[in-house]
Enquirer: 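Pasting a structure here, questions to come.
Computation of the quantities below employed the complete heavy-atom set of this structure, encompassing side-chain atoms and omitting hydrogens, waters and symmetry-equivalent molecules.
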Amino acid sequence: MSRYTKEDIYKIVDEEDVEFIRLGKPKNLAITMSQLDKILSNECTFSAAPVEGYEECTGLVTLHPDLDTFQIYPWRPQTGKVARMYCDVYGPDGKPWPGDPRQVLRRIVRQAKDMGLEFDIRPDQEFFLFHTDEDGRPTTHTHEYAGYSDVAPLDLAENVRRDIILTLEEMDFEILDSHHEIAPAQHEIDIAEGCADRVADQIMTFRMVVKTISQKHGLYATFLPKPTAEVNGSAMGLHVICRDALGKNLFTGSDQDHMSELGEHFLAGVLSHMRGLTLLTNPIVNSYKRLIPGFDAPTHISWSDNLSDKKSVIHVIRNGNNTELFLRNPDGTCNPYLAVAGILAAGMDGINRKLVLPEKAKPNQDSDFVGLPESIKEAIEAYQADPMIHDVLGDLIYRDYLDEKKKEWKEFRSVVTNWEINRYLGIY
């Protein structure tokens, strides 16, 4: 059931004195209210060729706004307010543009519903708050030394986190909890679960709010997985819950000690495609600086129901009749539409093929499990080796994404790092 109708949007715009609407994510087109009729009639067009991923689109694309994503930005002026709506992109032929990641996820969600499955997602989003230099550019410097769940005065950014949460709540987010994370200057805010495609939209909004409110406090918020080498990195862990149309948890077995058969097949599917998925869940060179032993990050393609197992990529969490999977490897640089679509499709593939779930991880069993990719190069190779990834993304996104990641790896290989200079210059 839709949240808003066209009439609702007209009424809100009038009552709230909205003057601008930003269309899109994360790129956007600002429209004044004189164009509202055109917007709501799906007649807003623009040339998308300069936008990365749209180079092949030689004509005008059309933006179809999702009315349910209408939000007023609380931090903008309260006269002549600014609102936003996310949009689906349609090509010059009037068909959905195959390079639109949002529609990739929505297609997977529709396929799941055809199977009688409804997936909810809950992200645990971590980020660092750093100082900027005299020119306003981001640094990795912080004055605080707080640790896990510390409060003021150790947690110097407690008020920043509070303002972020208050802003999110003004935008209809349900906040479950927040706390200081393990590393100095590291924070986590957890939002409530919701249907997969809607939560992906929320993740995009969350990132913008965190960065915007932090900037107002003179700080720079980064979702970079490993901004400093000596401390734990930041993740965007994803809880996955599967229910039927009546709300019954389909991952829960007949007793609380076991998953359902469907849940086991789903988990087996995700594990079987995990190496190929990693380029979607951990998409940048820096992602793999986090996925190393000793820093509370997963390193093995295994599962466990022991939450103290830091090596396994997936935890099975049981709470009475509620069972969920917690994927520990994704980070906050991923495109949530592509990452979530890939994860759900992998699990659905496991269900369709009735894949057998491997034994759960046991302590000191490292040699028995395949490791996650250790570099973006390995992730690229695994991505290319998994035909399911191509099926999920489609030709255009699959090819463009692969080209960009190869380019990123090539650029990184050409850089001489400070580590190399410090390690070798005095020797050779």
Side-chain angles (χ1 to χ4, degrees), residues 1-3 23-27 42 48 51-54 56-57 61-69 85-121 123 193-205 238 240-245 250 262 265-266 269-270 272-274 276-277 279-281 283 325 327 330 334-353 383 386-402 404:
M1 182 177 178
S2 295
R3 177 185 177 193
L23 305 175
K25 41 112 194 67
K27 303 286 188 180
N42 298 333
V51 179
E52 185 176 331
Y54 289 78
E56 295 184 15
C57 188
V61 300
T62 305
L63 299 180
H64 289 209
D66 183 341
L67 305 188
D68 289 345
T69 64
M85 283 189 285
Y86 289 155
C87 299
D88 294 317
V89 181
Y90 283 70
D93 58 0
K95 297 179 181 179
W97 176 248
D100 182 2
R102 192 169 188 261
Q103 297 197 58
V104 170
L105 177 54
R106 297 180 81 177
R107 172 170 48 82
I108 297 299
V109 169
R110 289 194 298 269
Q111 291 175 4
K113 288 187 176 180
D114 290 342
M115 295 171 60
L117 310 175
E118 297 187 2
F119 288 104
D120 282 351
I121 300 293
E193 69 191 56
C195 55
D197 50 347
R198 289 302 181 200
V199 170
D201 286 339
Q202 286 188 315
I203 290 170
M204 299 297 288
T205 301
L238 290 173
V240 181
I241 305 100
C242 182
R243 297 186 176 93
D244 63 17
L250 296 180
L262 180 142
H265 293 326
F266 183 94
V270 176
S272 72
H273 292 288
M274 182 55 72
L277 289 172
L279 194 64
L280 300 179
T281 57
L325 305 183
L327 280 76
C334 75
N335 181 313
Y337 303 103
L338 300 184
V340 173
I343 291 165
L344 298 185
M348 290 156 60
D349 180 59
I351 293 172
N352 289 329
R353 294 199 287 145
Y383 174 95
D386 191 335
M388 186 214 71
I389 308 296
H390 179 276
D391 294 341
V392 172
L393 301 184
D395 289 341
L396 181 59
I397 292 180
Y398 178 87
R399 184 184 67 248
D400 285 356
Y401 192 86
L402 179 60
E404 284 300 314

Enquirer: Can you check side-chain contact (heavy atoms from CB on, under 4.5 Å) on Leu63 and Val89, steps first, answer last?
Expert: CA-CA 5 Å; Leu63 299 180; Val89 181; 4.0 Å; yes

Enquirer: Please report the C-alpha distance between Ile121 and Ile203 in whole Å, then the side-chain angles of each, then the deciding distance to 0.1 Å, and finally whether the side-chain contact (heavy atoms from CB on, under 4.5 Å) criterion is met.
Expert: CA-CA 11 Å; Ile121 300 293; Ile203 290 170; 5.5 Å; no

Enquirer: Taking all atoms of both residues into account, what is the closest heavy-atom pair of Pro96 and Gln103, and its distance?
Expert: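 Closest heavy-atom pair between Pro96 and Gln103: CB-OE1, 2.9 Å.
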
Enquirer: Where do Cys87 and Pro65 come nearest, in terms of heavy atoms and distance?
Expert: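 Taking Cys87 first and Pro65 second, the nearest heavy atoms are SG-CA, 3.7 Å.
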
Enquirer: Which atom pair, heavy atoms only, marks the closest approach of Val199 to Glu193?
Expert: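 Where Val199 meets Glu193 most closely, the heavy atoms are CG2-C, 4.3 Å.
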
Enquirer: Report yes if some heavy atom in the side chain of Val270 is under 4.5 Å from a heavy atom in the side chain of Val240; otherwise report no.
Expert: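 Val270 vs Val240: side chains apart.
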
Enquirer: Do Val104 and Ile397 have side chains that approach each other closer than 4.5 Å (heavy atoms only, starting at C-beta)?
Expert: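 They are in side-chain contact.
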
Enquirer: Would you give the length of the straight line joining atom CG of Leu280 to atom CG of Leu393, rounded to the nearest 0.5 angstrom?
Expert: 5.5 Å

Enquirer: Check this for me: does any side-chain nitrogen of one of Arg102 and Asp197 sit under 4.0 Å from a carboxylate oxygen of the other?
Expert: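 Salt bridge between Arg102 and Asp197, a charged N being under 4.0 Å from a carboxylate O: no.
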
Enquirer: To the nearest 0.5 Å, what is the distance between CG (Leu338) and OH (Tyr401)?
Expert: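 If I round to the nearest 0.5 Å, the distance is 6.5 Å.
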
Enquirer: State, with a plain yes or no, whether a side-chain heavy atom of Leu325 is found less than 4.5 Å away from one of Phe266.
Expert: yes

Enquirer: Of all the heavy-atom pairs spanning Val61 and Gly91, show the shortest one and how long it is.
Expert: CG1-CA, 4.4 Å

Enquirer: With rounding to the nearest 0.5 Å, note down the distance linking CG in Leu344 to CD in Gln111.
Expert: 10.5 Å

Enquirer: I need the Asp114 CG to Arg110 CZ distance, nearest 0.5 Å.
Expert: 9.0 Å

Enquirer: Closest approach of Ala200 and Pro336, non-hydrogen atoms and distance?
Expert: O-CG, 3.8 Å

Enquirer: To the nearest 0.5 Å, tell me how far Gln202 CD sits from Cys195 SG.
Expert: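 If we round to the nearest 0.5 Å, Gln202:CD and Cys195:SG are 8.5 Å apart.
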
Enquirer: Let me know which of Asp120, Asp66, Thr69 forms a side-chain hydrogen bond (donor to acceptor under 3.5 Å, both in side chains) with Arg198.
Expert: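 Filter result, single survivor: Asp66.
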
Enquirer: Parallel, tilted or perpendicular: which describes the rings of Tyr90 and His64, with under 30° parallel and over 60° perpendicular?
Expert: parallel

Enquirer: What verdict does the side-chain contact (heavy atoms from CB on, under 4.5 Å) test give for Met85 and Leu67, after you've listed the backbone C-alpha separation in whole Å, the side-chain angles of each residue and the deciding distance to 0.1 Å?
Expert: CA-CA 7 Å; Met85 283 189 285; Leu67 305 188; 4.0 Å; yes

Enquirer: Go through the steps for Val109 and Phe119 under the test side-chain contact (heavy atoms from CB on, under 4.5 Å), then give the verdict.
Expert: CA-CA 8 Å; Val109 169; Phe119 288 104; over 6 Å; no

Enquirer: If you take all heavy atoms of Pro330 and Leu238, which pair is closest and at what distance?
Expert: CG-CD1, 4.1 Å

Enquirer: Would you please indicate yes or no on a ring centroid separation below 6.0 angstrom for Tyr337 and Tyr86?
Expert: no

Enquirer: Hey, which of Arg107, Lys95, Arg106 is the one that makes salt bridge (charged side-chain N to carboxylate O under 4.0 Å, His left out) with Asp88?
Expert: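 The passing option is Arg106.
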
Enquirer: Between atom CG of Asp100 and atom CG of Leu105, what is the distance when rounded to the nearest 0.5 Å?
Expert: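 Rounded to the nearest 0.5 Å, the CG-CG separation comes to 10.5 Å.
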
Enquirer: Is it true that Arg353 and Asp349 make a salt bridge, defined as a side-chain N closer than 4.0 Å to a carboxylate O?
Expert: yes

